[in-house]
Amino acid sequence: MSVRSRSNNAEDIRVVETFTTETFTADIYPKREPVILRGLDIGECLRKWTPSYLASDGGTQEVKVHVSSSTQMDFINKNFLYRSLPFQEFVKRAFEDEHADYFIDQKEKFYLRALGHDPRKDVADISVQFPELAQDLTIPQVFEREKFFSSVFRIASRGVQLWTHYDIMDNILIQVVGRKKVVLFHPNDVDYLYLNGDKSEVLDVDNPDLSCYPKFIEAKQYRGHLEPGDILFIPALWFHNMTYEDAGVAVNVFWRHLEDKLYDTKDPYGNHDLLPAQRANQIVDRAIKALEELPEEYQEFYAHRLIDRIRHTFLAKQT
């Protein structure tokens with residue numbers, strides 16, 4: 001069975017048009033809710049970043065990109081290929097609907113999530129990997145400069161929908177070229193999203209298969225559309241799903257809003273769970289192995305007791 005999510009279980013993301021970085025920090029940021037920000041200066045990129053300009057000023061470097069015959073890219077089941085292309089060639093293909101040269105088929109889709117020069121060590125930073133283009137971009141200072149972690153350059157073909165996932169850092173998505181549909185979910189709806197790691201197994205959030213994912217209907221959707229120049233604030237742990245309504249270009253800026261000691265310093269992507277959460281998961285793994293030593297009926301009984309203990313402990317702190 002496949003039905004559209006209930007309209008009464010969705011809400012428009014708040015749009016704020018009149019504000020300063022100071023009012024964002026004082027009035028918007030503390031609420032820990034997604035907001036679409038309009039009217040901030042993001043620089044000359046809004047005017048300059050045409051496909052031809054990107055191709056000419058983006059450098060001759062090769063970039064590793066996702067290539068798929070499907071618009072719905074699935075990071076769990078990997079329905080895409082990784083391929084390397086010169087940046088100019090990638091830009092050309094990302095902005096065309098049919099290709100003379102292709103890896104899979106003439107209508108294949110492309111997605112770039114720019115990486116550091118050494119992906120195992122270096123974080124993504126547009127000022128390092130694409131310095132000429134970075135000069136055109138003004139990143140609003142809605143966070144303390146010393147908290148900056150990464151600025152991720154993203155380009156995708158028209159129609160590409162990226163998997164629902166969460167990030168552990170606060171971030172802003174600066175939409176520069178094209179329109180984008182965004183759907184977010186509150187962290188408290190985690191039980192309805194069928195997680196596999198940090199990603200949801202539900203690919204089609206507009207038309208979910210409720211025979212496979214019946215609880216998904218309970219997840220409240222926060223929906224919005226980004227126009228060129230818009231900035232989406234995504235608080236940490238909020239799940240987000242993005243659809244490129246046009247071939248588009250955006251820059252994601254992440255910052256460490258918590259104490260530095262909580263983050264994994266060996267994580268150039270910035271997507272490892274916080275260190276205490278990693279330790280907790282390791283303890284759970286040991287608890288599961290311990291319970292497996294018991295007869296089956298004891299396993300279920302004590303598993304329920306552990307779950308209830310954790311749930312009651314942390315729910316009690318919220319009330």
Side-chain angles (χ1 to χ4, degrees), residues 1-16 28-37 72-77 161-173 180-226 230-244 252 254 257-258 262 269-274 276-278 280-281 284 303-304 306-319:
M1 178 177 63
S2 179
V3 299
R4 185 171 296 276
S5 297
R6 296 180 307 191
S7 59
N8 63 355
N9 209 23
E11 180 178 316
D12 290 339
I13 298 171
R14 185 160 65 107
V15 178
V16 177
I28 298 173
Y29 187 68
K31 293 180 180 178
R32 311 299 299 158
E33 296 176 349
V35 177
I36 295 173
L37 307 171
Q72 291 180 332
M73 292 197 178
D74 180 354
F75 202 85
I76 297 173
N77 298 302
Q161 183 178 28
L162 299 178
W163 50 89
T164 302
H165 68 284
Y166 69 88
D167 295 304
I168 62 162
M169 298 183 195
D170 286 350
N171 67 95
I172 53 174
L173 178 67
K180 185 176 289 175
K181 183 182 75 175
V182 297
V183 181
L184 283 78
F185 302 90
H186 194 286
N188 288 351
D189 279 350
V190 60
D191 288 342
Y192 309 135
L193 298 180
Y194 297 88
L195 287 198
N196 186 327
D198 63 345
K199 303 164 186 68
S200 172
E201 295 181 359
V202 183
L203 287 184
D204 192 342
V205 297
D206 295 317
N207 196 32
D209 185 347
L210 297 179
S211 63
C212 292
Y213 308 110
K215 293 191 293 183
F216 184 78
I217 196 73
E218 301 300 326
K220 182 175 181 178
Q221 299 190 6
Y222 294 78
R223 292 176 161 267
H225 284 81
L226 302 182
D230 286 352
I231 298 172
L232 173 65
F233 168 54
I234 308 175
L237 303 185
W238 275 75
F239 298 89
H240 43 284
N241 181 285
M242 307 286 174
T243 302
Y244 287 73
N252 241 158
F254 295 82
H257 62 291
L258 302 175
L262 295 176
Y269 286 87
N271 59 6
H272 290 183
D273 284 317
L274 298 174
Q278 292 185 38
N281 277 318
V284 170
H304 279 292
L306 285 174
I307 292 169
D308 287 343
R309 181 180 173 187
I310 293 171
R311 196 177 288 274
H312 290 160
T313 297
F314 291 100
L315 286 179
K317 290 184 178 181
Q318 298 175 11
T319 58

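Count residues from 1 along the sequence. Remember, it's a predicted structure, so these values are computed and weren't measured experimentally.
- Between M169 atom CE and L274 atom CG the span is 8.5 Å, to the nearest 0.5 Å.
- For the pair T164 and V202, the minimum side-chain heavy-atom distance is 4.5 Å or more.
- For the atom pair CG of N171 and CG of L232, the computed distance is 8.0 Å after rounding to the nearest 0.5 Å.
- Inter-residue side-chain proximity for L162 and F75 is flagged as unmet; no heavy-atom pair is nearer than 4.5 Å.
- Residues D170 and R32 have side chains in contact (heavy-atom distance under 4.5 Å, counting atoms from C-beta outward).
- When every heavy atom of P276 is checked against every heavy atom of L262, the shortest pair comes out as CG-CD2, 3.8 Å.
- When ring centroids are compared, F239 and Y192 stay outside the 6.0 Å threshold.
- The side-chain heavy atoms of V205 and Q161, taken from C-beta on, include a pair separated by under 4.5 Å.
- Side-chain rings of F216 and Y194 stay apart, their centers remaining 6.0 Å or farther from each other.
- Of the N and O atoms on the side chains of Y166 and D273, at least one donor lies less than 3.5 Å from an acceptor on the other residue.
- By the 4.5 Å heavy-atom criterion applied to side chains, P187 and W238 are counted as neighbours.
- Looking only at atom types and distance, the side chain of E218 has no donor-acceptor partner in the side chain of N9 under 3.5 Å away.
- Rounded to the nearest 0.5 Å, atoms CG (L184) and CZ (R223) are 10.5 Å apart.
- How far CG of L226 is from CD1 of I36: 5.0 Å, rounded to the nearest 0.5 Å.
- Between F185 and K220 the shortest side-chain heavy-atom distance does not fall below 4.5 Å.
- With rounding to the nearest 0.5 Å, the separation of CD in E201 from CG in D209 is 12.0 Å.
- Annotation: cation-pi pair R311/F314 absent, no NZ/CZ under 6.0 Å from the ring centroid and within 45° of its normal.
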task: Take V35 and Y29 through the test side-chain contact (heavy atoms from CB on, under 4.5 Å) and record every step on the way to the result.
output: CA-CA 9 Å; V35 177; Y29 187 68; over 6 Å; no
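- Side-chain contact between T243 and D206 is absent, with no heavy atoms from C-beta onward closer than 4.5 Å.
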Stepwise side-chain contact (heavy atoms from CB on, under 4.5 Å) check, Y222 with E33: CA-CA 10 Å; Y222 294 78; E33 296 176 349; over 6 Å; no
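- Across every non-hydrogen atom of A219 and L193, the tightest pair is CB-CD2, 3.8 Å.
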field: Trace of the side-chain contact (heavy atoms from CB on, under 4.5 Å) decision for H240 with D167
entry: CA-CA 9 Å; H240 43 284; D167 295 304; 3.0 Å; yes
task: Using the side-chain contact (heavy atoms from CB on, under 4.5 Å) rule, take L173 and K180 through it: C-alpha gap first, then chi angles, then the decisive distance, then the call.
output: CA-CA 11 Å; L173 178 67; K180 185 176 289 175; 3.9 Å; yes
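- Rounding to the nearest 0.5 angstrom, the gap separating the CG atom in N252 from the CD1 atom in I172 is 8.5 Å.
- Looking at K199 and D74, no side-chain N of the basic residue comes within less than 4.0 Å of a carboxylate O on the acidic one, giving no salt bridge.
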